[in-house]
Protein chains: 2
Amino acid sequence: MPDASTIVTVLDRAGYRLTEPRRVVAGLIAGREGHFTAADLVDDARERRLDVGRATIFRALELFTELSAVERVDLPSGEHAYVECEPIHHHHVICSQCARTTEVEACGMPAVAREVGKATGFKIQSHRLELFGICPDCQAANSRRG
Amino acid sequence: MPDASTIVTVLDRAGYRLTEPRRVVAGLIAGREGHFTAADLVDDARERRLDVGRATIFRALELFTELSAVERVDLPSGEHAYVECEPIHHHHVICSQCARTTEVEACGMPAVAREVGKATGFKIQSHRLELFGICPDCQAANSRRG
DNA sequence: GACGTTGACGATACCGAGTCTCACTCAGTA
DNA sequence: TACTGAGTGAGACTCGGTATCGTCAACGTC
Ligand SMILES: [Zn+2]
Ligand SMILES: [Zn+2]
Ligand SMILES: [Zn+2]
Ligand SMILES: [Zn+2]
């Protein structure tokens, strides 16, 4: 359930101007299901005859990322995609068929990180975890289709 | 301890031609400490007056990746880097200061994946885990330097 | 060792993601 | 309502990566 007003609210709270282009980009993101690229938004905007510059879309994405309203995920293909999400530590489970994503909070990673730190001597600062699989909907669709 | 001959051996076993450019790229990789980008190798080659085309370096990296002699890691900056590594499931701990990497085998992820699968209904197929931190050497250097 | 096949090479053109510049505009303020 | 700087958009630019295509050389065969 993406929601444009959520992003707008975050913007406002952080003291950024609530401009029309930013609202538009927030709306485009809200209209997306699953992950999307900057290019996707550019296409969406052109299709809907919404007048937003390409540079502005990139700038908005950068800003939203900084405010943790969206997060960048690196797909196995190497593409840089984005997903709208909550501003708390979490990870994404990504459907490799329909691109829909789900957030997972309890990642169990602190334990792993601690263990790895002990084994390697590294002082672990951060981690990235992305899980890829098939979502329930796609599983159902697949089995129905034989 | 990177080793050019390791990559060459893998190439040979997989039935690919052992060409001079491929040996050169393997050598460049062997001469690297920590992660590197395609552009890094291009620069290295030019510096050492080794005649390898840019396209060839990209092709070699692609091939080596396919053969699991190197692996691509996505840095937090968004850069696509590579590390030489063993062809078994593992993850990388990456020093955010000197770029050196260490492989970690026991990732404890199967349990996490299973749990996530149960919680979300996804059929988990694969995962990517990258850990970032400060390596022992850099820690020592840092504290010495005050 | 010479031959022929064909996978690999390299120069170059090309594409597309992302950034930069700069003149202009408009949101928020006094 | 005038001011001011954050924000915008057109377009040039950079750079990672790919496609094309004529040439070349690795390697199996004889
Ligand atoms: Zn799906
Ligand atoms: Zn985590
Ligand atoms: Zn280090
Ligand atoms: Zn793992």
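Numbered from 1 within each chain, the chains take letters A, B, ... in sequence-line order.
Side-chain N/O atoms of Asp12(A) and Thr9(A) include no donor and acceptor closer than 3.5 Å.
Not one side-chain nitrogen or oxygen of Thr19(A) sits closer than 4.0 Å to the OP1 or OP2 atom of dA6(D). In this structure, Thr37(B) does not reach the dG16(D) phosphate: none of its side-chain N or O atoms is under 4.0 Å from OP1 or OP2.
Note: CZ (Arg46(A)) to P (dG9(D)) measures 16 Å, nearest angstrom. The interatomic distance linking Asp51(B) (CG) with dA11(C) (C1') rounds to 12 Å, in whole Å. To the nearest angstrom, C1' of dG17(D) lies 13 Å from CD of Glu79(A). Taking atom CZ on Arg72(B) and atom P on dG16(D), their separation rounds to 15 Å, with Å as the unit. For the pair Leu75(A) CG and dA17(C) P, the computed distance is 13 Å after rounding to whole Å. The CG-C1' distance, from Asp12(A) to dA27(C), rounds to 12 Å in whole Å. In this entry the distance linking CZ of Phe36(A) with P of dA17(C) reads 15 Å, nearest Å. In this structure, the CG atom of Leu61(A) is 13 Å from the P atom of dA17(C), given to the nearest Å.
Scanning both residues, Ala30(B) and Ala4(B), for their nearest heavy atoms gives CB-N, 3.5 Å. Closest non-hydrogen pair, Phe122(B) versus Val93(A), comes out as CD2-CG1, 3.4 Å. Nearest heavy atoms, Glu103(B) versus Glu84(B): OE2-O, 3.8 Å. Of all the heavy atoms in Gly78(A) and Arg72(B), the pair that sits closest is CA-NH2, 3.3 Å. Shown here for Glu130(A) and Val73(A), the closest heavy-atom pair between the two residues is OE2-CA, 3.8 Å.
On a pure distance criterion of 3.5 Å, no polar donor-acceptor pair joins the side chain of Arg54(A) and the base of dG9(D).
Nucleic acid contact for Arg22(A): sugar-phosphate only, since backbone atoms but no base atoms lie under 4.0 Å from a heavy atom of the residue.
Mapped onto DNA chain D by nearest heavy atom, His80(B) and Tyr16(B) fall at different nucleotides, with His80(B) at the one closer to the 5' end. Annotation: of the two residues near DNA chain C, Ile57(B) and Arg17(B), the 5′-most nearest-nucleotide partner is Arg17(B).
Tested against His91(B), the residues Glu105(B), Glu71(B), His127(B) include a single side chain to side chain donor-acceptor pair (under 3.5 Å) partner, His127(B).
Taking five base pairs at each end of the helix from dG1(C)-dC30(D) to dA30(C)-dT1(D), the local helix axes there meet at an angle of 30°, rounded to 10°.
For Ala55(A), the side-chain atoms get nearest to dA10(D) when compared with the rest of dG7(D), dA11(C), dA10(D). Of the candidates dT18(D), dG10(C), dG18(C), the closest approach to any side-chain atom of Phe58(A) belongs to dG18(C). Residue Thr56(A) places its side chain closer to dT8(D) than to any other of dC9(C), dT8(D), dG18(C).
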